[in-house]
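The structure appears right after this line, and notes come after that.
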Amino acid sequence: MAPPNGIAYQRGQYVSVSEVSIPLLDPAFTKSDSVFDVVSVRDSRFFRLDDHIARFLESAKYVRMAPPCSEDQMKHIAAECVRRAGFTDACVYFLCLRGQFPPGAAIADPRTCDQEFIAYSIPWYTTVPAECAQTGAHLFIAQTRRAPSTAINQRCKNFNRMDLTSAQFEALDAGAHQPVLLSIDGFLTEGPGFNCWIVRDGKLFTPRDDILEGITRRTVFDLCRMVELDAEAAQLQPEDLLSADEAFLSSTAGGVFPVTQVNGQPVGNGIPGPITCRLRDVYWDKRAEGWHATSVADLIATPESAQR
Ligand code: PLP
């Protein structure tokens, strides 16, 4: 029987997720010197797999890494991780690690390292409790600021997350589900694992700077075009969120989640808003129709060289 916590691919082998090992002196551990991406699988189909792989490769390029496998291999490995785990719904991670310094060295020239690629599937999860999709999530505007992209390029999906984790503690202490962080300049950015949106007078806005450009954020822009809603990336103040008609989160880990409280105050009239609910439902309807879907079984059946 497959281990319930998922299957990983490391060094040419498929193993249980709990068997993956990263050496103590690997800069991936000692310096968070790694990039990653996460793609979701529902009903045995990946969503926007090509887009996630493209972002993963962009992140790797930015930090001067080259994952040691082709895109076709990545797709095949991702599908194998899901199949071998026996999941129909999953989150699949791609990791590129800087790779070890010479044996025993704690620091060395990072240009000499050979990168390592790891992938793993874990059971599907959501960034806020799943029931929040109906009832709404509660956010807290944290004191901890998001590290600016001039220091850590937030468009590159990275594990430098001390700001997000500190903010998460603040939110939990305040009784909220998740924090949203402001930039150094005081503009709204994002939270751990999600982008934020507000609706004002029927128009949608999402933060523009110091964020990861989420694939779900891109999806929301696409859906807005389909249902003829105006949406724009902009510099938003905390007051824009506090006084919004509606607010929501977008994330690979769960899609679109209404936000019904910020700092203990109701957003709008305190229940999930009509535009948010429409986008949440269209998101899942489009996925059910197979929009941007890649079947796990098709990837397994297709020779790696014929994929894409
Ligand atoms: N922002 C951060 C910091 C994230 O970690 C994530 C996803 O994990 C997102 C935004 C949302 O991105 P996506 O829609 O690609 O999941």
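In each ligand, atom 1 is the first atom listed, and ligand 1 is the first ligand listed.
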>> Testing the basics here: between Arg11 and Ser21, what is the closest heavy-atom pair and its distance to 0.1 Å?
In response: NH2-O, 3.3 Å
> What protein heavy atom sits nearest atom 12 (O) of ligand 1, and how far off is it?
Replying inline: Gly214 CA, 3.3 Å
> Which residue and non-hydrogen atom of the protein lie closest to atom 7 (C) of ligand 1, and at what distance in Å?
Replying inline: Lys157 NZ, 3.1 Å
>> Show, in sequence, the C-alpha distance, side-chain angles and deciding distance for Asp26 and Arg98, and conclude whether the salt bridge (charged side-chain N to carboxylate O under 4.0 Å, His left out) test is met.
In response: CA-CA 8 Å; Asp26 192 311; Arg98 176 69 63 200; over 6 Å; no
>> What protein heavy atom lies closest to atom 14 (O) of ligand 1? Include the residue and the distance to one decimal.
In response: Thr216 OG1, 2.6 Å
> When you measure from the side chain of Gln178 to the backbone N and O of Gln168, does any donor-acceptor pair fall under 3.5 Å?
Replying inline: no
>> Any atom of ligand 1 sitting under 4.0 Å from a heavy atom of Ala253?
In response: no
> Is Arg42 close enough and on-axis enough to Phe47, meaning under 6.0 Å and within 45°, for cation-pi?
Replying inline: no
> Charged N to carboxylate O under 4.0 angstrom, Asp185 versus Arg146?
Replying inline: no
> What is the ring orientation for Phe248 with Trp197, classed by angle as parallel under 30°, tilted 30 to 60°, or perpendicular over 60°?
Replying inline: parallel
>> Heavy atoms only, cut-off 4.0 Å: how does Arg146 contact ligand 1, side chain, backbone, both, or neither?
In response: side chain
>> Checking the N or O distance criterion of under 3.5 Å, is ligand 1 in contact with His52?
In response: no
>> Can you report which non-hydrogen protein atom sits closest to atom 4 (C) of ligand 1, along with the distance?
In response: Gly193 CA, 3.4 Å
> Has ligand 1 got any nitrogen or oxygen that is less than 3.5 angstrom from a nitrogen or oxygen of Ile215?
Replying inline: yes
>> Counting only heavy atoms closer than 4.0 Å, does ligand 1 sit against the backbone of Gln154, its side chain, both, or neither?
In response: neither
> What atoms of ligand 1 come within less than 4.0 Å of a heavy atom belonging to Glu190?
Replying inline: 1 (N), 2 (C), 3 (C), 10 (C)
> In terms of residue, atom name and distance, what is the protein heavy atom nearest to atom 16 (O) of ligand 1?
Replying inline: Thr252 OG1, 2.6 Å
> Would Ile141 end up clustered with Leu249 when hydrophobic side chains under 4.5 Å apart are linked, directly or stepwise?
Replying inline: yes
> Does even one non-hydrogen atom of Val38 get within less than 4.0 Å of ligand 1?
Replying inline: no
>> Please list, in number order, the atoms of ligand 1 under 4.0 Å from a heavy atom of Gly191.
In response: 2 (C), 3 (C)
>> Less than 4.0 angstrom from a charged side-chain N to a carboxylate O is my criterion; do Lys286 and Asp222 meet it?
In response: no
> Just which atoms of ligand 1 are under 4.0 Å from any heavy atom in Arg161?
Replying inline: 3 (C), 4 (C), 5 (O)
> Considering the options Phe56, Phe159, Phe117, Phe94, which one meets the ring pair (Phe, Tyr, Trp, His ring centres under 6.0 Å) requirement together with Phe36?
Replying inline: Phe159
